[in-house]
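First the structure, in the form of structure tokens, and then the observations on it.
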Amino acid sequence: MTDRLRAMALLGVAAVIMTGCSTADPSVSSTASSTPTYSPPGMSSPASASTEPEPEPELDHSSPASLHVLVNKQHPLDPADYAPEDLSVPDVPSSRTSLELRAEAAGAAEELFAAAAADGVELTLLSAYRSYAYQQGTYGGWVQKYGQAEADRISARPGFSEHQTGLAMDVGAASGACALEQCFGDTGEGAWVAEHAAGHGWIVRYPEGAEQTTGYSPEPWHLRYVGTQAAADVVASGGVLETAWGFEAAPDYAS
Ligand SMILES: [Zn+2]
């Protein structure tokens, strides 16, 4: 079920409950509102019902398997060695074999690549799911080579990488131009991605001008899957995940 359908289903349920509520005996209504089952805000008080906004479906930002989990330098995955259970290989052009994403993200990646191709824009998948162990090796290598301070600037610590969720991917131009470089944003492919990603449930996770909030330099190639409804909401509130979801800025690690 998509986010939009889930939201519509919730609103439908709410509408049914509200209709019943308006004709119900107040004592029955107050009993109902004390039960732990779902009830829309304002039900037990008609006065507040008119002032409170429609109930929004709650997004889960902490469970590692949630499509809306927030991962940054202040919010590692918990457990740190989390691994998704529904990884699959999206059917898209790829620089390496067997790059994997969570099933729903893989389907959305196929849609995004197909829509790009229909517009004459040829994308390639450069990176997708990366395991805790893989990130341990990568980050550890940088620490050995440059020390921790420099390693933290160019690589996520294991357990802190959004790639470990299986909901993030790095995309590039099929031509190879500006692969994993800032200038990707200036290519036709990068511009297409910036304009169309959200329509397929993806957001450009580390946009320009948000380094102090996201903790990362702009990465026009790094996309995060959140679903079409959440992506539209993030874009509408400025395009920065931390801000849109009400989190503090995460410029650096806690320690
Ligand atoms: Zn990335």
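Since this is a predicted model, take the numbers as computed values, not measurements.
Clustering ILVMFWY residues whenever any of their side-chain heavy atoms sit less than 4.5 angstrom apart, transitively, puts Val226 in a cluster other than the one holding Val240.
Around atom CG of Asp86, more than 12 heavy atoms belonging to other residues, nucleotides or ligands sit under 6.0 Å away. Within a 6.0 Å radius of CD in Gln182, more than 12 heavy atoms belonging to other residues, nucleotides or ligands are found. No more than 12 heavy atoms of other residues, nucleotides or ligands sit less than 6.0 Å from atom CD of Glu248.
The ring-ring contact (aromatic ring centres under 6.0 Å, His included) pairs that include a residue from residues 72-127 are His75-Phe247, where partners are two or more places apart or lie in different chains.
Annotation: the span from His61 atom NE2 to Leu67 atom CG amounts to 12.0 Å, rounded to 0.5 Å. Asp170 contributes atom CG, which lies 10.0 Å from atom CZ of Phe184 (distance to the nearest 0.5 angstrom).
Between Pro218 and Tyr206 the shortest side-chain heavy-atom distance does not fall below 4.5 Å. Side-chain contact between Leu241 and Val234 is present, with at least one heavy-atom pair separated by less than 4.5 Å.
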Check: residues 135-142 side-chain donor-acceptor pairs under 3.5 Å, at least two apart:
from   : atom 1 : to     : atom 2 : distance (Å)
Gln135 : OE1    : Arg130 : NE     : 3.3
Gln135 : NE2    : Ala156 : O      : 3.0
Thr138 : OG1    : Tyr134 : O      : 3.1
Tyr139 : OH     : Asp152 : OD1    : 2.8
Tyr139 : OH     : Arg157 : NE     : 3.4

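Side-chain N/O atoms of Gln164 and Tyr129 include no donor and acceptor closer than 3.5 Å.
Scored by the side-chain contact (heavy atoms from CB on, under 4.5 Å) test, Asp60 finds Ser62, Ser63, Ser66 as partners (sequence neighbours excluded).
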Practice task
Under the salt bridge (charged side-chain N to carboxylate O under 4.0 Å, His left out) rule, what do Glu242 and Arg205 come out as? Steps first, then yes or no, please.
Solution key: CA-CA 10 Å; Glu242 280 80 3; Arg205 176 68 175 90; 2.8 Å; yes
